[in-house]
Amino acid sequence: MCGAHLNRLHSCLYCVFFGCFTKKHIHEHAKGKRHNLAIDLLYGGIYCFMCQDYIYDKDMEQVAKEEQRKAWKLQAFTPALVSPYQYAMTGVGEKYSTWEPTKRELELLRHNPKRRKITSNCTIGLRGLINLGNTCFMNCIVQALTHTPLLRDFFLSDRHKCEMQSPNSCLVCEMSTLFQEFYSGHRSPHIPYRLLHLVWTHARHLAGYEQQDAHEFLIAALDVLHRHCKGDDNGKKANNPNHCNCIIDQIFTGGLQSDVTCQVCHGVSTTIDPFWDISLDLPGSSTPFWPLSPGSDGGVVNGENHVSGTTTLTDCLRRFTRPEHLGSSAKIKCSGCHSYQESTKQLTMKKLPIVACFHLKRFEHSAKLRRKITTYVSFPLELDMTPFMASSKESRMNGQYLQPPDNLNNDNKYSLFAVVNHQGTLESGHYTSFIRQHKDQWFKCDDAIITKASIKDVLDSEGYLLFYHKQFLEYE
């Protein structure tokens with residue numbers, strides 16, 4: 001009907017008709033023909049259009065399980081991340097099977113009939129963290145990680161299988177415990193002393209009670225988590241530039257393409273490197289900035305209102321992906337010319353991560369000065385990364401970007417879910433964070449104190465680390 005992939009294909013149970021659920025082609029068929037039952041071809045679930053919901057049938061569940069087993073035997077690969085649906089959407093996955101309670105678990109469920117209800121104003125997942133002595137840099141990153149949708153789903157579904165010789169030294173095990181603490185419903189602030197001890201043990205440069213950089217802590221934490229959870233998906237084919245299928249790389253790793261073009265023969269040398277975050281220069285730094293906005297008049301780019309003179313996140317990304325002339329002092333040996341030539345270098349996104357983290361370079365350290373750059377940068381709630389993709393390079397002309405139709409770049413759209421801010425100076429400062437609990441519900445986390453925040457509070461903040469999640473993989 002629509003010629004599109006991955007739109008939850010369903011089959012009519014009355015006649016031979018296949019239609020997608022996302023664009024409601026199966027709905028139109030059901031309404032027109034009064035064929036009110038269809039089967040989801042990924043899960044094997046039965047959908048009733050009169051109930052407008054999936055309906056449970058034990059016999060059909062057994063049929064679906066048997067068909068899944070046959071399909072897995074036929075496939076040379078097995079799906080991995082969280083569910084078959086997310087596998088289909090991301091291309092990463094692991095054999096999926098439904099959870100069936102054991103006799104022991106059934107007994108526990110009978111003796112504990114009370115259930116937690118998650119509502120739009122529910123505060124489960126919100127919990128303050130005690131500052132253990134200049135540890136606000138750690139607390140704000142923990143808040144961002146515990147509110148990362150796919151990371152939350154991974155840990156709350158008990159997916160980590162520890163292979164460390166001493167589980168007490170495993171940072172992933174501690175993160176798993178931390179998620180349980182956050183989503184237990186307890187309101188009292190949590191004391192993250194074990195997490196701090198493990199970070200000091202495995203990232204020695206962060207040990208001590210001095211104030212540390214939140215960005216440095218994020219990268220160190222991701223690195224230790226990556227090393228400690230490598231065993232979770234051991235042996236499975238990696239689908240990211242880091243060639244590792246651990247949950248950290250599945251969520252946070254992207255691929256940065258570097259194209260170096262010879263100015264004589266125009267030959268191009270391309271390399272692709274993995275990244276966990278993108279560090280962006282700001283106006284006001286010693287590095288020249290280009291340009292402030294696509295035009296001197298107002299306009300809306302990526303949902304950002306261009307006030308004259310205001311720098312936006314899109315401006316920073318434009319500067320990051322612009323061609324840069326390397327000059328005569330940085331000549332490279334061209335494989336085509338077989339001699340050293342001047343060249344241009346351009347960075348673009350080859351593969352986008354599920355979570356894109358942007359680091360605004362507010363702290364400048366050089367031989368001459370050490371200072372904080374307080375330039376305000378406007379950032380959007382929703383971000384489209386299509387213009388900065390390697391595949392979009394041909395449509396990029398003189399720094400101006402041609403936007404493709406919306407339906408072609410849904411995979412590249414992101415939603416903001418966490419912001420880390422730094423108040424104060426380079427010598428004396430404090431970190432806080434804004435996190436999104438539900439859609440459009442934001443909270444400010446200031447160590448042990450959590451308060452409701454407005455979207456305006458979030459967007460008006462200075463911004464140091466910005467966390468965006470791929471929209472089509474969010475389950476709120």
Side-chain angles (χ1 to χ4, degrees), residues 1-103 105-106 109-110 113 115-120 122 149-150 152-154 156-159 406-408 410-411 413 415 438-439 470-476:
M1 295 292 288
C2 58
H5 293 276
L6 310 174
N7 278 338
R8 294 175 61 196
L9 195 64
H10 283 59
S11 171
C12 176
L13 288 179
Y14 293 77
C15 67
V16 181
F17 178 86
F18 301 89
C20 69
F21 196 89
T22 306
K23 296 193 176 177
K24 300 197 180 296
H25 293 131
I26 193 71
H27 297 69
E28 291 164 10
H29 173 79
K31 188 176 179 182
K33 299 284 188 179
R34 294 187 180 179
H35 292 177
N36 290 316
L37 292 174
I39 186 166
D40 181 322
L41 293 180
L42 196 58
Y43 290 109
I46 306 294
Y47 190 87
C48 173
F49 290 94
M50 295 196 72
C51 303
Q52 294 187 349
D53 200 358
Y54 287 94
I55 53 175
Y56 177 75
D57 181 272
K58 193 163 187 178
D59 293 335
M60 285 304 297
E61 185 185 49
Q62 289 303 318
V63 171
K65 277 184 184 176
E66 192 52 44
E67 292 301 320
Q68 277 183 331
R69 287 192 197 99
K70 289 178 188 174
W72 286 329
K73 284 178 184 176
L74 290 171
Q75 290 170 348
F77 53 86
T78 53
L81 192 54
V82 174
S83 71
Y85 177 61
Q86 288 174 353
Y87 158 70
M89 300 299 270
T90 61
V92 291
E94 171 187 22
K95 186 184 283 189
Y96 168 83
S97 58
T98 54
W99 172 71
E100 291 182 12
T102 62
K103 288 182 179 179
E105 287 166 336
L106 284 171
L109 289 168
R110 282 194 200 99
R115 301 283 177 267
R116 291 202 181 280
K117 285 185 90 172
I118 305 297
T119 58
S120 59
C122 178
L150 276 188
R152 174 197 62 202
D153 295 348
F154 175 86
L156 292 183
S157 57
D158 202 22
R159 294 290 302 278
D406 269 358
N407 61 334
L408 295 180
N410 284 333
D411 285 6
K413 288 186 175 177
S415 292
H438 300 287
K439 195 168 177 64
K470 274 197 175 184
Q471 287 183 356
F472 77 106
L473 284 173
E474 285 188 299
Y475 293 91
E476 289 294 335

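Computed over heavy atoms, backbone and side chain alike; hydrogens, waters and symmetry mates excluded. The first residue of the sequence shown is numbered 1, and numbering continues consecutively from there. Since we're looking at a predicted model, the values are computed, not measured.
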Q) CG/Leu9 to CG/Leu41 distance, rounded to the nearest 0.5 angstrom? A) 5.0 Å
Q | Exercise: identify the closest heavy-atom pair between Cys12 and Ile26 | A | N-CD1, 4.2 Å
Q.
Quick check against the 3.5 Å criterion: does Glu105 have a side-chain atom that pairs as donor or acceptor with the backbone of Thr102?
A. yes
Q. Got a salt bridge between Lys31 and Glu28, using NZ or NE/NH1/NH2 to carboxylate O under 4.0 Å?
A. no
Q. Do Leu13 and Ile46 touch side chain to side chain, with heavy atoms closer than 4.5 Å?
A. yes
Q: Any chance you could measure Ile39, atom CD1, to Met60, atom CE, to the nearest 0.5 Å?
A: 4.0 Å
Q: Working to the nearest 0.5 Å, report the span between OH of Tyr14 and CZ of Arg34.
A: 11.5 Å
Q) Does the gap between the ring centers of Phe21 and His27 come in under 6.0 Å? A) yes
**Q.** Check: Asp40 and Tyr47 side chains under 4.5 Å, non-hydrogen atoms
**A.** no
Q: Drop me the distance from Tyr56's OH to Glu61's CD, to the nearest 0.5 angstrom.
A: 4.0 Å
Q. Parallel, tilted or perpendicular: which describes the rings of His10 and Tyr54, with under 30° parallel and over 60° perpendicular?
A. tilted
Q: Check whether any side-chain heavy atom of His29 lies under 4.5 Å from a side-chain heavy atom of His35, and answer yes or no.
A: yes
**Q.** Approximate separation, where rounding is to 0.5 Å, of His25 NE2 and Cys20 SG
**A.** 5.0 Å
